[in-house]
Protein chains: 2
Amino acid sequence: MELHEPELRDVPVTAVLAALADDVRLQIVQALAEGGEHACGTFEFGVSKATRSHHLKVLREAGLTRTRVAGTSRFVRLRREELDRHYPGLLDAVLTGPARPA
Amino acid sequence: MELHEPELRDVPVTAVLAALADDVRLQIVQALAEGGEHACGTFEFGVSKATRSHHLKVLREAGLTRTRVAGTSRFVRLRREELDRHYPGLLDAVLTGPARPA
DNA sequence: ACCTATGTTCGACAATCGTCAAACAAGCTC
DNA sequence: GAGCTTGTTTGACGATTGTCGAACATAGGT
């Protein structure tokens, strides 16, 4: 299954930023920032499950999330501590940003 | 000439992140972070001047830079204070990031 | 007036991206 | 095992992106 989850050290900054530079993915990250694990299916933005799966893959391969497989479900969580260590202030800046513009 | 320079409040976070999520542009921002104004021509990365002009436009329209026209030259500077106010920690996190991977 | 220097704009191109429906894989339950 | 649930993978598509050379615009210098 592989579940490719790179070390943050091996991910170019631009890849992390690119992963965050999408509306759907940013909403996912904001939901994950509430803490704990979220099953993939609990993300209900206006996209198909194929698209959602794609975005979760992008986040995972950019080193932003960690995924745990449990039966047919997958539980995703934000790699907050690692991210804060590698890019102090990045997540806070992005998450507590100005009132989300339309 | 117009020199479209939006208010940071009007720029979606994702646009700021997208602007930073490119190798050439990140190098430009890193150069600008040294402080002061830089003439466009002083950026010598391996791209044509058309491409450089394009990247500077992206940065400007994402609210990251301010441009002053002087004769045939244009001087660019980072909107650091504004950025730090709107996204505290973002620039620092991106600029002082881990040793730039190849 | 010419020529040069500095940038921008205009196509054009290949590559990447976000999106979806459909097919697939794997586990759970009856 | 049949069927359902959860999620991924596979094409396909239109849109966007990064890149370039060529043409254009504008300001100085001689």
Side-chain angles (χ1 to χ4, degrees), chain A residues 1-6 11-32 37-77 102, chain B residues 1-6 11-32 37-77 102:
Chain A
M1 184 57 57
E2 295 306 301
L3 254 283
H4 183 213
E5 289 178 353
V11 181
V13 196
T14 47
V16 176
L17 293 169
L20 291 170
D22 177 276
D23 239 320
V24 176
R25 288 195 294 267
L26 194 51
Q27 288 180 60
I28 294 178
V29 170
Q30 279 167 342
L32 289 174
E37 292 183 324
H38 289 58
C40 296
T42 63
F43 299 113
E44 267 305 336
F45 313 110
V47 292
S48 71
K49 60 178 181 170
T51 301
R52 164 171 36 102
S53 196
H54 161 69
H55 285 308
L56 288 169
K57 184 179 185 180
V58 172
L59 288 174
R60 175 164 27 90
E61 296 189 339
L64 286 165
T65 60
R66 194 78 77 174
T67 301
R68 181 173 62 89
V69 180
T72 89
S73 295
R74 277 145 187 250
F75 292 94
V76 185
R77 68 179 189 281
Chain B
M1 185 55 62
E2 296 305 302
L3 253 282
H4 184 215
E5 288 178 354
V11 181
V13 197
T14 47
V16 177
L17 293 169
L20 292 169
D22 176 277
D23 239 320
V24 175
R25 288 196 293 266
L26 194 52
Q27 288 179 61
I28 294 178
V29 171
Q30 280 167 342
L32 288 174
E37 292 183 323
H38 289 58
C40 297
T42 63
F43 300 113
E44 268 305 335
F45 313 111
V47 293
S48 72
K49 60 178 182 172
T51 301
R52 165 172 34 101
S53 195
H54 162 69
H55 285 309
L56 288 170
K57 184 179 186 181
V58 172
L59 289 174
R60 174 166 26 92
E61 297 190 339
L64 286 164
T65 60
R66 194 78 77 173
T67 302
R68 180 174 61 90
V69 180
T72 88
S73 295
R74 277 146 188 249
F75 292 94
V76 185
R77 68 179 189 281

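Below, chains carry the letters A, B, ... as their sequence lines are ordered, and counting in each starts from 1.
- Minimum interatomic distance between V69(A) and R74(A) (heavy atoms only, all atoms of both residues): CG2-CG, 4.1 Å.
- Taking both residues in full, the closest heavy atoms of A62(A) and A19(A) are given as CB-CB, 3.6 Å, listed atom of the first, atom of the second, then distance.
- From I28(A), atom CD1 reaches atom NE2 of H55(A) across 6.5 Å, with rounding to the nearest 0.5 Å.
- When all heavy atoms are compared, the tightest approach of L32(A) to T65(A) is CD1-CG2, 3.7 Å.
- Between T14(A) and L20(B), the shortest heavy-atom distance links the atoms CG2-O, 4.1 Å.
- Residues A18(A) and R25(A) share a closest heavy-atom pair of O-NH2, 3.2 Å.
- Note that CD of E5(B) and CG of L64(B) are 11.5 Å apart. Values are rounded to the nearest 0.5 Å.
- The separation between I28(A) atom CD1 and dG18(C) atom P is 11 Å, rounded to whole Å.
- In this structure, the CG atom of L59(A) is 10 Å from the P atom of dG18(C), given to the nearest Å.
- Straight-line distance from the CZ atom of R74(A) to the C1' atom of dT5(D): 14 Å, rounded to whole Å.
- Nucleotide dT6(C) holds its C1' atom 10 Å from the CZ atom of F75(B), rounded to whole Å.
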Would you tabulate the pairs of protein nitrogen or oxygen atoms and nucleotide nitrogen or oxygen atoms of nucleotides 28-30 of chain D closer than 3.5 angstrom?
none

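- Computed from coordinates, the Q27(A) CD to dG18(C) C1' distance equals 14 Å when rounded to whole Å.
- Taking atom CD on E61(B) and atom P on dG18(D), their separation rounds to 13 Å, with Å as the unit.
- Atom NZ in K57(B) sits roughly 15 Å away from atom P in dT16(D) (whole-Å rounding).
- The CD-P distance, from E44(B) to dG7(C), rounds to 11 Å in whole Å.
- Separating the OG atom in S73(A) from the NE2 atom in H38(A) is a distance of 14.0 Å, to the nearest 0.5 Å.
- Using a 4.0 Å heavy-atom criterion, one finds that S73(A) contacts the sugar-phosphate atoms exclusively.
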Nucleotides 19-21 of chain C: which of its N/O atoms have a protein N/O under 3.5 Å away?
residue : atom : partner : partner atom : Å
dT19(C) : OP2  : H55(A)  : NE2          : 2.4
dC20(C) : OP2  : S48(A)  : N            : 2.8
dC20(C) : OP2  : S48(A)  : OG           : 3.3
dC20(C) : OP2  : T51(A)  : OG1          : 2.8

Please write out the pairs of protein N or O atoms and N or O atoms of nucleotides 1-4 of chain C separated by less than 3.5 Å, giving the distance to one decimal.
none

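- The nearest pair of heavy atoms linking E61(A) to P6(A) is O-CG, 3.3 Å.
- The line from CD of E37(A) to OG1 of T42(A) is 11.0 Å long, rounded to the nearest 0.5 Å.
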